[in-house]
**Q** 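Mind having a look at this structure? Questions to follow.
Here is the naming used below: chain letters follow the sequence lines, and residue numbers restart at 1 for every chain.
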Amino acid sequence: MPLRRLFAISSVLFLLVLAISPAKNALRSYRSLQRQYRKLASSRAHSLKSAQGYEARPVAIQQIWLRDFENRVDRCTTCHLGVADPLMAGAPRPFDLHPGTPHTPGGFDRFGCTSCHGGQGLATTQPDAHGSSVDAGPPMTPPVFIEAGCGRCHLSDSVAGAPVLSRGRALIARAGCYACHAVRGQDAFRSEAPPLATLPLKTGGAWVKRWLKDPKSVDPNATMPNFHLTDQAIDELSHFLFAAQVPKELAGRIEAAAAEPPGSSANGKKLVSESRCITCHTVEGKGKGSAPELSKIASTASRGWLLAFLREPQAFNPRTAMPRYHFSETESRDVVAFLEDEFRDFDAPKDILEPLRVNQSLAENGRKLFRLYGCFSCHDPAGSGSEKFGPELDGIGDKRAQSLDFGRRTDLVRALPAWLAAKLESPRSFADGLKMPSYGFNADDSRAVTTALLALGAQGVPDRYRYAPPQKPALLPGGPVGSLIQSYRCLSCHQIGDRGADVSTAPLTYEGSKVKRDWLVDYLVLSYTLRPILEERMPVLRMPREDATQLADALESFYVDPSILADPFAGRPASDADPAEGQRLYVGLGCRGCHILGSSGGYYGPPLTEAGKRLKPGWTYAWLKGPQRWRADVRCPDYGLSDTDALRLAAYLETLVPVAPSAKPEKAARGVR
Amino acid sequence: MRIRAAALALVALLTVPAACTRKSAPAGAKTPAAAKTPVVPPPLRYEVRLGKVTFTHYCQTCHGESGAGDGFNAFNLDPHPRDLSDPQFQKKKSDAELADAIQRGGAGVGLSALMPPWGHTLSARQIDELVLYLRTLPALRKPST
Amino acid sequence: MSEESERSPNPGAPGTSRRDFLTQIGGGACAVAGVGSLVVTLDYLKPKVLFEPPTVFRAGSAVDYPEGTVRFNREQRAYVIGGGGGVFALSAVCTHLGCITRYLSDEKAIACPCHGSRFDLEGNVVHGPAPRPLPWLEVTADAAGNLVVDSSIIIPHGKVTRA
Amino acid sequence: MSPSPELHVVESTDPLAVPRRVALVRPDTRPTVRRGDERYVMTFPHLIVREVILFQAVVIALSLAAIVFDAPLEGIANPIETPNPAKAPWYFLGLQELLHYFPPIVAGVLLPGLVVLLLAVIPYARINLTAGPLWASGGKRTALALAAVTAALFALFAVFGCWPIAVPTLLTAAAMFAARGGARGGRLRRALAQVTLPEWIMTWFVVIATLLTVIGTFFRGPGWAFVWPWSGAI
Amino acid sequence: MADWLRGSAVYRSIVRHGTADTNRNRSLVIFENLFLHVHPVKVREKTLRFSHTYWLGGVTLVSSLVLIATGILLMFYYHPSVPQAYRDMKELNYVVDNGLFLRNLHRWAAHLMVFGAFLHMLRVFYHRAYRPPRQFNWVVGIILLILTLFLSYTGYLLPWDQLAFWGVSVGTNMAKEAPLVGEGIRFLLLGGNVVSENALLRFYVLHCVVLPVALLLFLSVHIWRIRKDGGVQGPPSDVDDPRPEESA
């Protein structure tokens, strides 16, 4: 080809090729989107001036720069132009107003977008920003897991407004994940799983094998996961467990108890129903509790063990939630007799409680398996040392899909949430030789746990953004009062400060300011139903009166809140505050809609029939001034009462004392149904 | 010979249920799906979901899960709680009126004091969300009637 | 291309105009590409996003500024001053050569450390090389009295904001 | 170089040179003898325009590549999380592949150092300057030496299990023997017969380097295990 | 317009010859231009043939020119500091107009330059163009090849992504194996024992200043030597080509 023609052609090509990139740049999609937005917004504008304002907006990249929040840059608003503009409510997708949440629309300049939604804030193209293309940055969190974003900053177990996250965190704690996996801030976690030292005297070889095969099939409340053991492994582990040396002292107790004469099943039935076991345990699935199912307990544990355990549960498992009931020797025998008669698995083989004759070589293999599967993490945490058995979970929420090992699971979407869900559902399906057991989470549980896991970021957010609700100090005295609180396991149901479980609606933190001491003593000795609709009720612990007095005195003197006035009437008699007017208020405000008073009233709040005997007026006053202050999610509405009105009502309630202090407990004791 | 006969019988035994399941499986799969479709409520918008949470927590005890005024505490109450899922009622009341009734309670709008005022307990936004959720109740009601 | 045509370019030869045309196309395309590259390069060099502190900043509430209060905002290089029955803001950049001035609380004056310019609390030059008074910056107050200063907007002297 | 080099008399073999000229040259200088009327053209425009076209062609090719293929950019560097496999840039993958077979000191330092040294001394080595075809001088001794060296090299690489070197070594040796007496063969064999020993060595080196680089780039997956490029594990 | 431009005093002070329509003016184009001055006024027609050199040296040279141009532009948006370096890549990608194009161009040109240099070396070897008097230029070429590799390698770290970090970690660990000096070289190169911000800064300085200057220096020598050694050298059949005269 002649040189000049070649030169002309190549020059023109040169020009054309060099023009491609600027042309592509000029046609970037955000530009046309911004022009569309201008048109849409100005057509929606209420005034000519604001329409002109929209029209005049330049086409440019928008960004939210959060220097103090991990130096985050979110350019989502380059396309999502209307997120903070009320005018754009209901507009088509990239332009619509962001739904209102605790942090929006007011908080965009503090939180940006990616802090909740994930994705790549720096990107200005949709596939890269949303992380939908293969090697783009971090993908967006799918909307079902959106609460994972809350969990990055909100570090408490329970996060108000994030029910899925809170549930996920609770499930993780209950499943004992922290026993094997290290997670920041959970170093102190201890599983409630029982030590296995007394197992040879507790149950039989057949039962242990059944249990190891699938704990949930034996007890639906079991927290122990299914390790999918082979029959041989089960056999070896059973031999190892039965080879354990039972501590002499406990063995003595169990054997002595086994030798005792049988008790009265009929009396046992009455005692069980009074003791409200179903507050924690379930019986054939009835009851809200999550403690072991009782309906087959007699085919799980030997009579001697049950009796010895019932008399002092903490000697067998120092971490148990089970309180110590002060049954007399006979009473405890009666209770166990009832359990033996009624709560038995009648389909179970006769020899289910026969101890296993130990084969030492199998037991030796079992010992290896016990280590191999990390059983010690839950059952013998002291023996596990400081090393956690499983890989640490911190940062799992920021893992990139490319760095995950999908192994055999070619069926999965290559994304972190899918991987986590599959890990939870069938952990062993990824490769051979994996040890993680399966927990039998249902779809909802699995979603909640995945949400909580996605909240575990690689780095903690800056201090300014970290939020944990203010720590309520937990006063836990030592000495005799402390050991009483320990042995009655008050914290299994009640909260003190931030310690303890949330089963009871009555935290003990300010109980001394709330209830009158004399009432409390009586109540501790023989508790009765305060809130008829709740299934979780205070059990009758058979507390001796001196214990009750000691506890009540301690509550009276230590567990007080300085903001609750001891005497709201300021030294004057309560009648000065006009209780008659208070009664009128009681009617006028509709309190009877929820509270029982005398023979009528709603079935929701606690009965007020004997409020004057039970509640201190200072508490009543403080409560009426704002119930939510004392319990954030309480349903009792805040009426916005004036001081005078609140005082009048308090005075009225103070007048409510039972006419004839008859024995209530018969009516209330409904126990096991 | 007997072994072979036994094996044949076994094979037959195994194939018959297999054949049956193969036939019945698609049919069985179809019917529940077809029956299910109308029942599944449409996915709720974010604000409405928040409203639902508030409703479940504060209102359900009296107004009932579907808003029909059949909560377990309703039998105590006279007058009876309002049936919120009634389309006639919904048509009559504007959003502002509903929000006002929630905020100031029954007594505030000249009705029964048994409906407490929630203005001090719930934020304005929560009340707005609640109203949004209330508006979805009539639609939820239809399949059950 | 033959040897002869190169040695003696013949204006009358039939190939000449076509060859010139081709040369012009080639040269022209190169020139356009060159100029275009220059333009694109200049556009490339123009930053499209900026990481600069916002010129608008919150200065607290009006009640924090009783008469005579002077607060220096380091990042925004501005004084927020309570005076004249309200609040106003002054740029802290000396009008002489751009040094950052200092507020001398015991002398109630603003002084520049570089060349000794002095200003009073309203920004007027007391003495020194500074040619102009310190500029006043826009201060707006909302209904609750929260002050917002925009250091990018200069307003006339004496326009005090009252909450 | 000795101070007074020996002089050789060389006859110009150019038949066009009339009258014949005699040139005196040293063995390490190449005789440059005018061969007749060489055609010359003006640098401008002939060379310059070609250069401009070359420039444009390269830029066009690069631009098209830049528009079609994006430069790779992975996640931000994370010193804790090693990608598997961790690969060096492609031009070092041959080396990295060598490291897989040999102790680091050999593969990382000795071999590359040797290669650079050999490359640098090429123009100073006599064998390169005389540059006769491998089998020019009969060749029983050459054949023996070649077989011995090949056997030694093959044994060495085979001991290390380095088949990507051992096998091309054998193949090259085979090609070299095939070239023996190729002057009377077909076109290919005639061409082979003209190849000098340094060229054989360079070819051997290029084949090995290419093979190692290709294997390192496309056939190595997690744990530097051999994978097929289409398995997606690279 | 064009005529007026050509007639102006300013134009004529820059371009001191007339239009290139006579051989005299064509010669002047070469004489008067610093950059074209490396060429002789006349070249042998044979050397213009594609098969003579395959233009491989030219391809390498053009890639290096593209690299210098795009590299300078990229430097405007690059901070050699640890989280920022990576973020700057993202900025080029998403915010800077044509930034991604320039980065891609730089990357592919770098690969082309390494590849072109290898092929160029092979071509020269097989064409026996390393023979005297070109032996010195061959060595310069080897140095250029090594410089090119180092330039490419130091540039590899600058994006500070996983690919860069681990590529360089692996590479520097190879250097560590050198006897005696290996550890020291690695320590000097990285400015520490691990690939860190120090290493990034050092690689940046090497990539943007030290190595390019060295490359330009040796490149000048390389090109100057081509001219001095009698122009580009073709395939072995040209071995006995006459040495061309410098001017006709």
Side-chain angles (χ1 to χ4, degrees), chain A residues 89-90 96-106 116-117 143-144 146-147 160-164 166 531-534 584-597 599-605 607 624-629 631-642 646, chain B residues 43-64 69-82 95 101-133:
Chain A
D96 51 340
L97 176 68
H98 192 283
T101 72
H103 292 320
T104 55
C116 295
H117 288 282
V144 282
I146 193 71
E147 288 174 18
V164 180
S166 308
R531 291 164 153 274
I533 63 151
L534 296 183
R584 227 164 303 151
L585 278 167
Y586 186 90
V587 175
L589 295 175
C591 302
R592 69 174 183 86
C594 292
H595 294 279
I596 297 175
L597 183 56
S599 58
S600 75
Y603 204 48
Y604 196 77
L624 288 170
K625 283 298 286 173
Q628 277 71 27
R629 205 199 129 200
R631 218 180 146 73
D633 59 345
V634 77
R635 290 156 175 97
C636 182
D638 180 355
Y639 283 88
L641 294 174
S642 67
Chain B
L44 299 177
R45 264 172 52 210
Y46 178 79
E47 293 95 327
V48 183
R49 284 208 302 275
L50 291 179
K52 184 179 180 180
V53 171
T54 312
F55 182 87
T56 315
H57 189 79
Y58 290 104
C59 315
Q60 192 175 312
T61 38
C62 295
H63 286 286
D70 55 356
F72 71 85
N73 196 34
F75 73 95
N76 282 308
L77 304 178
D78 185 33
H80 215 66
R82 167 83 67 188
D95 283 359
I102 297 169
Q103 194 169 359
R104 294 198 285 146
V109 295
L111 293 167
S112 162
L114 292 179
M115 163 80 188
W118 295 99
H120 297 278
T121 311
L122 301 177
S123 69
R125 212 187 61 222
Q126 277 176 307
I127 292 176
D128 288 344
E129 289 159 3
L130 204 47
V131 171
L132 284 176
Y133 178 66

**Q** Which heavy atom in A:Thr101 sits nearest to a heavy atom in B:Arg125, and how many Å separate them?
**A**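 Looking at all heavy atoms of both residues, the closest pair is O-NH1, 3.3 Å.
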
**Q** Do A:Pro637 and B:Met115 have side chains that get closer than 4.5 Å, going by heavy atoms?
**A**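 They are not in side-chain contact.
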
**Q** Show the nearest heavy-atom pair for residues B:Trp118 and A:Arg635, with the distance to one decimal.
**A**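 Nearest heavy atoms, B:Trp118 then A:Arg635: CH2-O, 3.1 Å.
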
**Q** How far apart are the closest heavy atoms of A:Arg592 and B:Leu114, and which atoms are they?
**A**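 Nearest heavy atoms, A:Arg592 then B:Leu114: NH2-CD1, 3.7 Å.
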
**Q** Relative to chain B, which segment of A:Cys594 carries a heavy atom at a distance below 4.5 Å: side chain, backbone, both, or neither?
**A**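 Both parts, backbone and side chain.
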
**Q** Give the member of A:Pro102, A:Pro143, A:Cys591 that has the highest number of heavy-atom pairs under 4.5 Å with chain B.
**A**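 Of the options given, most contacts go to A:Pro102.
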
**Q** So, taking the atom named OG1 in B:Thr61 and the one named OH in A:Tyr604, what distance separates them when rounded to the nearest 0.5 Å?
**A**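 If we round to the nearest 0.5 Å, B:Thr61:OG1 and A:Tyr604:OH are 5.0 Å apart.
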
**Q** Please state whether the side chain, the backbone, both or neither of B:Leu122 comes within less than 4.5 Å of a heavy atom of chain A.
**A**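 For B:Leu122, neither part sits under 4.5 Å from chain A.
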
**Q** Which heavy atom in A:Gln628 sits nearest to a heavy atom in B:Thr121, and how many Å separate them?
**A**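 Looking at all heavy atoms of both residues, the shortest contact is NE2-CG2, 3.1 Å.
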
